[in-house]
Amino acid sequence: MNMKTVVILLLLALATIFALVCVLLTKKDKSTRCILSELQDPPEDIAIDRSQIFADLTADEMVQVVKYLRDHLGVHLEDAFHARPSNNCIYYLDLHLPTKAEVLGFLDRGMVRPSREALAVVYFGNQPDPNITEFIVGPLPFPTYHRDITLRKFGKKVPYHSRPVTEREYRDIDLFIFYELSQVSRLLKVCCEYNGTNLATLTSAPRGFVSGDRATWFILFHNVVGSGYFIHPIGLEVLVNHSSLSISEWKIEKVFYNGQYYQDLAQLEKEFSEGRVKEVRVKMVRQNDFASMKPSEPSRPGPVQFEPRGMRYKVNGSHVSWQSWSFTFGMNVNTGPRLFDIRFEDKRIVYELSLQEALATYGSNCPGGMVTRYMDGSLGIGKFSYELVRGVDCPYMATYVDRYYLIDSDIPKLNKNSFCIFEHDMGVPLRRHFSNMGSFYYGGLAKYALVLRSISTLINYDYVWDFVFYQNGAIEVKVHATGYISSSFFMEGGTEYGNRVGEHTLGTIHNHLINYKVDLDVEGFH
Ligand SMILES: *[C@@H]1O[C@H](CO)[C@@H](O)[C@H](O)[C@H]1NC(C)=O
Ligand SMILES: *[C@@H]1O[C@H](CO)[C@@H](O)[C@H](O)[C@H]1NC(C)=O
Ligand SMILES: *[C@@H]1O[C@H](CO)[C@@H](O)[C@H](O)[C@H]1NC(C)=O
Ligand SMILES: *[C@@H]1O[C@H](CO)[C@@H](O)[C@H](O)[C@H]1NC(C)=O
Ligand SMILES: [Cu+2]
């Protein structure tokens with residue numbers, strides 16, 4: 001099997017291009033310049049200072065909010081890293097943006113700076129009627145108040161069963177599954193060379209079909225080390241009902257093995273020992289893994305761009321400026337990268353441009369793949385925006401920026417170098433003309449773009465999120481999908497649902513849907 005067929009995935013390019021030229025070529029408003037010059041600082045410093053209103057929470061602010069909530073909620077908060085479903089814990093924190101009216105009042109009309117606040121999402125599991133509550137906590141950095149905004153925001157109580165699964169819950173589910181698997185030890189030894197440690201699980205979603213369900217198909221794979229285990233399925237899948245807040249009440253509701261459903265693992269093992277299960281012997285891959293990402297041979301280094309007279313863009317905190325453009329960027333732990341106050345020639349043209357959701361819907365003849373509709377916002381597009389590798393993930397000379405996030409734990413975590421910013425030669429002229437008619441001349445201009453990028457690894461696949469700014473006033477959002485495919489065990493009829501990419505691996509048919517919010521604000525229309 002050629003590695004490339006597996007590793008190289010679809011390339012998805014969604015392009016939203018705004019033609020802004022005519023609006024932007026209108027003359028600069030001198031009066032705003034006059035107001036700015038009354039203040040002492042140069043305009044660039046003022047812009048940087050004001051952009052702080054959109055800045056992500058700092059690690060110190062997160063620590064203060066956690067401390068405040070522990071001291072003021074009147075209940076014991078377990079650290080989410082250890083919390084069981086029946087505990088209370090802080091699920092995540094994020095910046096709470098003031099309303100657009102408040103922000104614009106401050107930015108444009110000299111009104112007071114709105115106070116800086118955090119959004120805290122708390123799981124209240126340790127009470128008779130558990131719920132999820134959203135609080136606003138402020139003012140930062142030293143909070144003195146919190147407000148429950150759940151009912152105002154959602155119009156109803158947020159049911160506890162709909163909460164995203166925490167890392168702790170995944171760990172507990174794994175412990176539960178591997179404990180239960182001892183019931184099929186004879187089958188697993190024969191079919192899959194199971195030795196107690198060489199299998200791994202993969203979640204699916206949604207976790208049911210009616211409100212209140214919390215039962216998930218988990219798919220079993222050979223846990224091939226240092227390689228994409230997602231394409232080494234062994235043919236076994238289990239439906240785990242983890243709705244109970246008491247882990248001892250979790251159960252396996254259904255079992256699937258190589259095309260057949262069973263009531264439970266005991267029934268599967270019994271039928272296997274009676275010779276009524278058609279097992280498929282899947283060898284544990286030890287070398288020449290078709291899923292390996294290792295280049296097969298070293299290659300000579302490719303071309304590299306350089307900046308002969310240094311960077312032509314500036315990055316200060318969350319504020320970026322380049323030629324006529326400026327904007328502020330950040331990362332929402334769930335929804336991913338977000339940009340605010342995008343200006344061209346100092347005029348705001350976009351108030352907010354942010355990723356909202358990445359949906360992937362699958363088809364398969366195995367239950368896990370068949371039901372799967374991932375909504376990556378619930379996994380954490382921002383949380384899983386990991387460190388970028390210089391010269392591969394972004395050009396060598398790019399500027400790299402760290403991000404802190406807090407989710408699934410009371411301690412802020414660092415995603416080092418998880419944004420990159422670079423100016424890039426587009427390899428094509430922006431405009432040119434060669435004249436050999438009438439008179440003899442040439443005029444041309446090289447095309448450059450400024451790119452803000454982050455890359456999210458959502459389980460098996462990696463999304464490369466680009467926000468591209470062009471000299472002509474166009475903005476483009478782009479996504480490239482790479483990483484590994486999600487796969488099912490290959491069985492008869494599998495090719496109706498995808499392509500056979502390995503002896504036992506079906507690359508399943510699916511769609512990606514990427515959703516952005518664009519709040520265009522040309523000429524102050526809002
Ligand atoms: C960032 O901007 C602030 C305010 O304008 C300035 O004091 C600081 O020196 C700048 N930092 C960098 C690294 O440019
Ligand atoms: C959720 O639980 C919290 C903590 O006990 C409580 O203050 C809040 O009123 C509850 N929310 C709803 C909508 O019942
Ligand atoms: C099981 O097999 C894996 C992969 O071959 C190996 O790395 C691991 O050490 C084995 N575990 C035990 C307990 O033998
Ligand atoms: C899951 O278990 C709960 C009891 O813990 C039960 O009420 C519910 O019906 C089960 N759900 C499914 C999908 O089997
Ligand atoms: Cu895909």
Side-chain angles (χ1 to χ4, degrees), residues 1 169-204 215-242 247-248 250-292 364-372 459-460 484 486-494 500-508:
M1 192 69 216
E169 191 173 353
Y170 280 123
R171 289 199 299 276
D172 284 334
I173 292 170
D174 257 13
L175 287 175
F176 169 77
I177 290 174
F178 285 105
Y179 177 78
E180 297 288 313
L181 284 187
S182 60
Q183 296 180 57
V184 280
S185 54
R186 293 192 52 233
L187 166 69
L188 286 177
K189 215 168 160 163
V190 171
C191 74
C192 311
E193 304 183 357
Y194 184 45
N195 69 1
T197 63
N198 59 351
L199 294 181
T201 67
L202 184 69
T203 187
S204 64
T216 309
W217 278 101
F218 281 85
I219 308 167
L220 283 124
F221 296 85
H222 267 148
N223 189 13
V224 179
V225 176
S227 182
Y229 77 84
F230 327 99
I231 52 177
H232 292 293
I234 59 160
L236 179 66
E237 306 187 1
V238 291
L239 178 62
V240 178
N241 181 348
H242 49 114
I247 290 174
S248 61
W250 289 356
K251 38 178 206 299
I252 291 184
E253 298 282 356
K254 219 168 224 2
V255 173
F256 174 88
Y257 177 71
N258 189 26
Q260 294 295 317
Y261 287 92
Y262 301 88
Q263 264 329 298
D264 50 34
L265 290 166
Q267 190 206 352
L268 171 59
E269 184 82 335
K270 181 166 176 290
E271 298 206 3
F272 173 70
S273 43
E274 290 164 4
R276 283 186 281 128
V277 172
K278 193 167 141 253
E279 90 270 1
V280 177
R281 301 196 178 193
V282 184
K283 287 222 157 322
M284 177 85 196
V285 178
R286 292 200 175 76
Q287 52 198 346
N288 297 328
D289 177 12
F290 73 97
S292 172
S364 174
N365 55 350
C366 296
M370 193 185 303
V371 300
T372 293
I459 309 181
N460 53 296
Y484 287 96
S486 185
S487 77
S488 284
F489 188 66
F490 178 81
M491 307 179 308
E492 204 187 310
R500 187 174 190 173
V501 297
E503 192 184 353
H504 304 293
T505 311
L506 179 72
T508 43

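Looking at Thr201 and Val238, their side chains never come closer than 4.5 Å, going by heavy atoms from C-beta outward. Under the 4.5 Å side-chain criterion, counting only non-hydrogen atoms from C-beta, Leu187 is in contact with Glu279. By the 4.5 Å heavy-atom criterion applied to side chains, Leu199 and Leu236 are not counted as neighbours. Put simply, the side chain of Phe272 does not reach to within 4.5 Å of the side chain of Val184, judged on heavy atoms. Side-chain contact between Ile252 and Phe176: present, with at least one pair of heavy atoms (C-beta onward) separated by less than 4.5 Å. No side-chain heavy atom of Val277 sits less than 4.5 Å from a side-chain heavy atom of Asn258.
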Open item on the list: One pair to check against salt bridge (Lys or Arg N to Asp or Glu O under 4.0 Å): Glu193 and Lys283. What are the steps and the verdict?
Closed with: CA-CA 7 Å; Glu193 304 183 357; Lys283 287 222 157 322; 3.5 Å; yes
TODO: Please assess Asn460 against Ser486 for the test side chain to side chain donor-acceptor pair (under 3.5 Å), listing each intermediate value before the final yes or no.
DONE: CA-CA 6 Å; Asn460 53 296; Ser486 185; 4.5 Å; no
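Heavy atoms only, all atoms of each residue included: Val285 and His232 are closest at CG2-CE1, 3.7 Å. Contact record, Gln263 with Gln267: N-OE1, 2.6 Å, taken as the closest heavy-atom pair. Between Phe490 and Gly494, the shortest heavy-atom contact is CE1-CA, 4.1 Å. Closest of all the heavy-atom pairs between Asn365 and Phe256 is O-CZ, 4.1 Å. Nearest heavy-atom pair across Leu265 and Val255 is N-CG2, 3.6 Å. Closest non-hydrogen pair, Gly368 versus Glu237, comes out as N-OE1, 2.7 Å.
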Using atom types as modelled, flag every donor-acceptor pair under 3.5 Å from a side chain in residues 216-228 to any protein atom, sequence neighbours excluded.
residue: Thr216; atom: OG1; partner: Arg207; partner atom: NH1; Å: 3.0
residue: Thr216; atom: OG1; partner: His242; partner atom: NE2; Å: 2.7
residue: His222; atom: NE2; partner: Cys192; partner atom: O; Å: 2.7
residue: Ser227; atom: OG; partner: Asp289; partner atom: OD2; Å: 2.4
residue: Ser227; atom: OG; partner: Ala291; partner atom: O; Å: 3.3

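In this structure Thr505 satisfies the side-chain contact (heavy atoms from CB on, under 4.5 Å) test together with Ile231, Pro233, Phe290, Ser487, Val501, sequence neighbours excluded. With sequence neighbours excluded, the residues satisfying ring-ring contact (aromatic ring centres under 6.0 Å, His included) with Phe489 are His504.
Atom CG of Leu239 and atom CD of Glu253 lie 6.0 Å apart (nearest 0.5 Å). Atom CE of Met284 is separated from atom CD1 of Ile234 by 10.5 Å, given to the nearest 0.5 angstrom. Note that CD of Gln260 and CG of Leu268 are 10.5 Å apart. Values are rounded to the nearest 0.5 Å. For the atom pair NZ (Lys251) and CG (Asp264), the distance works out to 11.5 Å, reported to the nearest 0.5 Å.
More than 12 heavy atoms of other shown residues, nucleotides or ligands fall within 6.0 angstrom of atom CD in Glu274.
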